[in-house]
Structure formats: C-alpha cells, structure tokens
Amino acid sequence: HDQSSWFPKACSPGDARATRRFHARPRRPHVVSARGVEPKRGSGRMIVAVLDTSILLRKGLMEFILRVASADACAPRISQSLFDETSRKLAEGARDPELVPTLAEALRHVANYGMAVVQSEHHSEAQDLVNDPGDVHVLASAFATRDEDPAPSTTLLVTENLKDFDIDAVADHGVFVVSADAFGCHLLEQRPIQVLTQIQRQPPERYEKFLERMRRDASSRPWRCTRT
C-alpha cells in the first residue's frame, strides 16, 4: 500500500474465512465497562477494532482509521503492550525517520480512544490460539477488549499477520481476526455514510480509483462481508 493514502482493496479470498464468520458463531456476553463508549442509539452493533503493531506502523492506514473513528464508524483499541511494542519498533527504525513523528502521534491518538487492561486470564486464554508465541499479548489484548467494551459490539483484531493466529478457534472466543482490507470492506458495508464521507475528502483521483476498485470487487468476488 502507498504510505500516503490507504483505501480497502478488493477483499481477497484469504480474508473470507475470517470475515464470513462475523455471524457464524454466537457472541460471548460482553461486560459493560465505565470506560467503554456507549453506541449511539440506532447505530446498531458497535465495531471495536484492536490494532496490531503491523497496522499501527502504516501511516496511510492509520490516517484512514482515525478519520473514520472520528466519524463514529468504529472504535479503535490497543493495550499497553501494543503501545510499547509499536513505540519500540519506531525507536528502532522500523519506518522511515520522516514518518516516525506522524506515526507516534497517531499511536497517541489511538491510545486516547481506549487502552485495554490485560489480565493473566486473557494471556492464558490466548496461549493455545496463536501460531507465534510472540503474538500471545496481541490476542490477549483483543480478549481484554472483548470483555471491557459494552454490548452490543463486534470485536475485531486487525492485523496483517493472519497466519499467526488460529482464526477459526479465535472466532469461537468472540474475536474475529481480519486483515486491513477486510476491515475496510466491513466498515464500508456497515458504516457507508461515515466511511464514504471521509473518503470523499481525499483528492478526486484517489476517490475515483477507490470506487472503481470496489465496483470490480462487487462483481467478481464469490463472497461479501456479511452485515451485522
């Protein structure tokens, strides 16, 4: 993806297994937290997105997420461990030095939306559901968010490392692991007015390119993001 802008691409078949399961399993009950953001009346199920470090390090994508979050299209979340990991990678030069201040500021903005408090039981729940031990804290953060945010909500773990998670098993625990493109596709279907309003603020050539890509996607893909 271009670092200067990001729009969801046509969702790939590799995303289908996770995205189609938004309705495949019953949700675990959510615990209403005083720190949670109550969904607006009539807005339906709130979309809560836990952002992996692979997402937090992408400038254009973070700009998109913060824009749609400001329009109440979704509620981004991280944990202290995700904040620390991303900050460490930025300090180690994981991105162009010119991008570091912008990404660091975006990280702080996401933290202001909510920091999940991860308990030991969340780590225990996550241990057998990851293919990379280094991602236990990521999934634990998603489970903590699931338990903290008010119902009704859909908890997504947005990552570019789908292979590191047992997607089907995680879905049984009330969290849906999706790529950035599947996340954008889902947002567009669930919150079209808010998302398109933000997209239309982009230069006309980017907006037209996005619409053409979505038109091709709608006519060619064998599945679609399900509605809540």
Determine whether [X] and [Y] make a side-chain contact, defined as any pair of heavy atoms from C-beta on separated by less than 4.5 Å.
X      : Y      : result
Gln127 : Leu139 : no
His186 : Val178 : no
Val118 : Phe143 : no
Tyr113 : Cys74  : no
Thr159 : Val138 : no
His137 : Glu85  : yes
Asn161 : Asp132 : no
Val136 : His123 : yes

(message) Check this for me, if you would: do Glu63 and Lys59 make a salt bridge, where the nitrogen-to-carboxylate-oxygen distance has to be below 4.0 angstrom?
(response)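 A salt bridge is present here (some side-chain N lies under 4.0 Å from a carboxylate O).
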(request) Identify whether the distance between the nearest side-chain nitrogen and carboxylate oxygen of Glu160 and Arg58 falls below 4.0 Å. (result)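 Looking at Glu160 and Arg58, the cut-off is met.
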Once rounded to the nearest 0.5 Å, what's the spacing between atom [atom1] of [X] and atom [atom2] of [Y]?
X      : Y      : atom1 : atom2 : result
Phe176 : Ile167 : CZ    : CD1   : 12.0 Å
Phe183 : Leu188 : CZ    : CG    : 11.5 Å
Thr197 : Arg191 : OG1   : CZ    : 13.5 Å
Asp166 : Asp172 : CG    : CG    : 8.5 Å
Ile65  : Ser70  : CD1   : OG    : 12.0 Å
Leu99  : Leu90  : CG    : CG    : 9.5 Å

(message) Surrounding CG of Asp96 (heavy atoms of other residues, nucleotides or ligands, distance under 6.0 Å), is the total greater than 12?
(response)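 It does: Asp96 CG has more than 12 such atoms within range.
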Between [X] and [Y], is there a donor-acceptor pair closer than 3.5 Å when you use the side chain of the first and the backbone of the second?
X      : Y      : answer
Arg146 : His173 : yes
Thr86  : Phe83  : no
Ser179 : Ala182 : yes

Taking all atoms of both residues into account, what is the closest heavy-atom pair of [X] and [Y], and its distance?
X      : Y      : value
Leu107 : Ser87  : CD2-OG, 3.4 Å
Ala73  : Gln194 : CB-CB, 3.9 Å
Ala142 : Val50  : CA-CG2, 3.8 Å
Ala140 : Ala126 : N-CB, 3.8 Å
Gln198 : Ala71  : NE2-CB, 3.9 Å
Ala116 : Glu148 : CA-OE1, 3.5 Å

(request) Run the numbers on Val117 and Gln80 for side chain to side chain contact (heavy atoms under 4.5 Å, CB included), then give the verdict. (result) CA-CA 8 Å; Val117 179; Gln80 188 63 54; over 6 Å; no
(request) Under the side chain to side chain contact (heavy atoms under 4.5 Å, CB included) rule, what do Phe165 and Leu157 come out as? Steps first, then yes or no, please. (result) CA-CA 10 Å; Phe165 302 91; Leu157 172 55; 3.9 Å; yes
(request) Please lay out, stage by stage, how Gln190 and Thr154 fare under the test side chain to side chain contact (heavy atoms under 4.5 Å, CB included). (result) CA-CA 11 Å; Gln190 301 300 314; Thr154 298; over 6 Å; no
(request) Please report the C-alpha distance between Val175 and Leu156 in whole Å, then the side-chain angles of each, then the deciding distance to 0.1 Å, and finally whether the side chain to side chain contact (heavy atoms under 4.5 Å, CB included) criterion is met. (result) CA-CA 6 Å; Val175 171; Leu156 309 180; over 6 Å; no
